[in-house]
Amino acid sequence: MTKFTKIFKVGDIRNKILFIVGLLVISRLAAAIFIPGVDPAKLDGFFQDNQLFSLVSAFTGGGLDQFSIVMLGLGPYITGSIIMQLLTMIFPRLEQMYKYEGEAGRQKFNQYSRMLTVPLAMIQGYAFLMLLSRKDVLVDALTPFGWINALVVIAAGSVFLMWLGELISEKNIGNGVSLLIFAGIVASLPRSVQENITKYTPDQLFTYLAFIAIAIVVIAGVTYLTEAQRNVPINYARRVRGSRVLGGVSTYLPMRVNNAGVMPIIFALSLLLFPGMIASFLAGSKTAWLAQAGQTVATFIQNQWVYGIAYFALVVIFTYFYTAVTFDPKSISENIQKQGGYIPGIRPGTPTADFLTHLLNRVTLVGALFLGLIAVLPQIVQGATGITALTIGGTSILIVVSVALETMKALDGQLSMYEY
């Protein structure tokens, strides 16, 4: 019997899957509810001239470039999570709450991230609406009541998606935020394929074939490095408790090459959005020097080299940051020592923690460079082929493959639980 058949044989797992699919469908329906008051032609032109906004729109499932009620997607929630994670490095109380107070502390910490989502959505929504207004994308100027109404709708859309993500995560079949982003990317795939087919000419046959070959290689590489890990051997000494002999076995500690998953790329995108949006907002200021400064920064950010280097650097930095948050060598070393274990050739305690830190930095470097390369891959392909419509969405491929593998592992875990 195949796993697919087993999944739908177990009623509880089947109900969870159908529930999650239903929520994903609801999220796509929300992305199709448009906010009136924009010129569609000017809106398309705006996103064609702003690559960063086009990339961010892909992660909101097309909600941004379609001016829907969920236009900001999960961006404010992700940004709030980044801010809270960074604050743990400044305020010891937050670090204590997140790392050492168990599940209750993490729930309280996550609640702060949810509360931060609302003001961030208001700020981002206001900046984006003001930017569209100054670009003459909005058909009519918004009244004060119209501004309040629009901002409330935009913030409510982000909170609604955040709530859907929480409901999905509660089913323990994948991460809700990742699955919602996954659904948005998959939903935009047919339109992307249609655009490439429409712009195809016979003299580009070799380019398109090369594109397909590179895409296959990228998918294979993403799958391989997503699953790659460095196994650290651990031996356990024999212990006698009463008439029982414990320990005396060998195992290993898995250290993943891509320990941070897709979160560094999502964090980098969320952070890159702010300077571009603020600069474009200031470019329309009535103060001459402020408008000039905003225009200079906006032009600087839109430069392909600047954008690519900044994107690559942020992905590498966030990979190390997120890995440091999720993998604590000191805590792992203490747990190994308490259980009577040791790494062959390494003394327990501080030497073990130092060894794990050194090894983690080397392994994470490979994962960070891999994620950075995947992030800037569309720019590399555009430069090589010269076709702007033909891009390998390396980030999209990474998210789709990673989420698919994560979901498969979660389903395997659910099946194993029911089998035992």
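- Counting all heavy atoms, side chain and backbone alike, Tyr342 lies closest to Pro348 at CB-CG, 4.2 Å.
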Which pairs of donor and acceptor atoms, one on a side chain in residues 108-122, lie under 3.5 Å apart (sequence neighbours left out)?
from	atom 1	to	atom 2	distance (Å)
Asn110	ND2	Arg106	O	3.2
Gln111	OE1	Arg114	NH1	2.7
Arg114	NE	Glu166	OE2	3.0
Arg114	NH2	Glu166	OE1	3.2
Arg114	NH2	Glu166	OE2	3.4
Thr117	OG1	Ser113	O	3.0
Thr117	OG1	Arg114	O	3.4

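- Side-chain contact between Val316 and Phe312 is present, with at least one heavy-atom pair separated by less than 4.5 Å.
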#### Entry: CA sep, side-chain torsions, deciding dist, call: Thr407, Ile173, side chain to side chain contact (heavy atoms under 4.5 Å, CB included)
CA-CA 6 Å; Thr407 305; Ile173 301 181; 3.9 Å; yes
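- Ring orientation note: the planes of Phe318 and Phe321 are nearly perpendicular, at an angle over 60° on the 30°/60° scale.
- Annotation: side chain of Leu29 is not in contact with side chain of Ile33 (no heavy-atom distance under 4.5 Å).
- A pairwise comparison of heavy atoms in Ala31 and Ser68 identifies O-CB, 3.1 Å as the closest pair.
- Nearest heavy-atom pair, Pro76 versus Gln124, reported as atom, atom and distance to 0.1 Å: CG-OE1, 3.9 Å.
- Note: Met97 CE to Phe91 CZ = 12.0 Å, rounded to the nearest 0.5 Å.
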### Task
Could you give me the CA-CA distance, side-chain angles and deciding distance for Leu359 and Ile343, then say whether side chain to side chain contact (heavy atoms under 4.5 Å, CB included) is met?
CA-CA 13 Å; Leu359 191 60; Ile343 298 175; over 6 Å; no
### Task
Begin from the C-alpha positions of Leu23 and Leu179 and carry the test side chain to side chain contact (heavy atoms under 4.5 Å, CB included) through to its verdict.
CA-CA 10 Å; Leu23 294 184; Leu179 283 171; over 6 Å; no
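- Leu180 CG to Ile185 CD1: the interatomic distance, rounded to the nearest 0.5 Å, is 11.5 Å.
- Using a 4.5 Å cut-off on side-chain heavy atoms (C-beta onward), Tyr252 and Gln229 make contact.
- In this view, Phe370 satisfies the ring pair (Phe, Tyr, Trp, His ring centres under 6.0 Å) rule with no residue, not counting sequence neighbours.
- Surrounding CZ of Phe34 are more than 12 heavy atoms belonging to other residues, nucleotides or ligands, all under 6.0 Å away.
- Using a 4.5 Å heavy-atom cutoff, the side chains of Tyr77 and Val159 are not in contact.
- Listed by first and then second residue, the salt bridge (Lys or Arg N to Asp or Glu O under 4.0 Å) pairs involving residues 347-364 amount to none (not counting sequence neighbours).
- Separation of atoms OG1 (Thr364) and CG (Leu371) is listed at 10.5 Å; rounding is to 0.5 Å.
- Taking both residues in full, the closest heavy atoms of Ile181 and Leu74 are given as CG1-CD1, 4.5 Å, listed atom of the first, atom of the second, then distance.
- Separation of atoms CD (Glu334) and OG1 (Thr350) is listed at 8.5 Å; rounding is to 0.5 Å.
- Nearest approach of Ala353 to Lys330, heavy atoms of both residues: CB-CA, 4.1 Å.
- Distance check: Ile336 CD1 to Asn235 CG gives 11.0 Å after rounding to the nearest 0.5 Å.
- Contact annotation: the side chain of Ile69 never approaches that of Phe160 to less than 4.5 Å [non-hydrogen atoms, C-beta and beyond].
- Taking every heavy atom of both residues into account, Leu161 and Ser27 meet most closely at CD2-CB, 3.9 Å.
- Rounded to the nearest 0.5 Å, atoms CD1 (Ile154) and CE (Met71) are 4.0 Å apart.
- In terms of modelled atom types and a separation under 3.5 Å, the side chain of Ser333 and the main chain of Pro329 share no donor-acceptor contact.
- In this structure a side-chain-to-backbone donor-acceptor pair under 3.5 Å is present from Tyr320 to Asn361.
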### Task
Take Thr323 and Thr319, measure what side chain to side chain contact (heavy atoms under 4.5 Å, CB included) needs, and give me the verdict at the end.
CA-CA 6 Å; Thr323 301; Thr319 300; 4.3 Å; yes
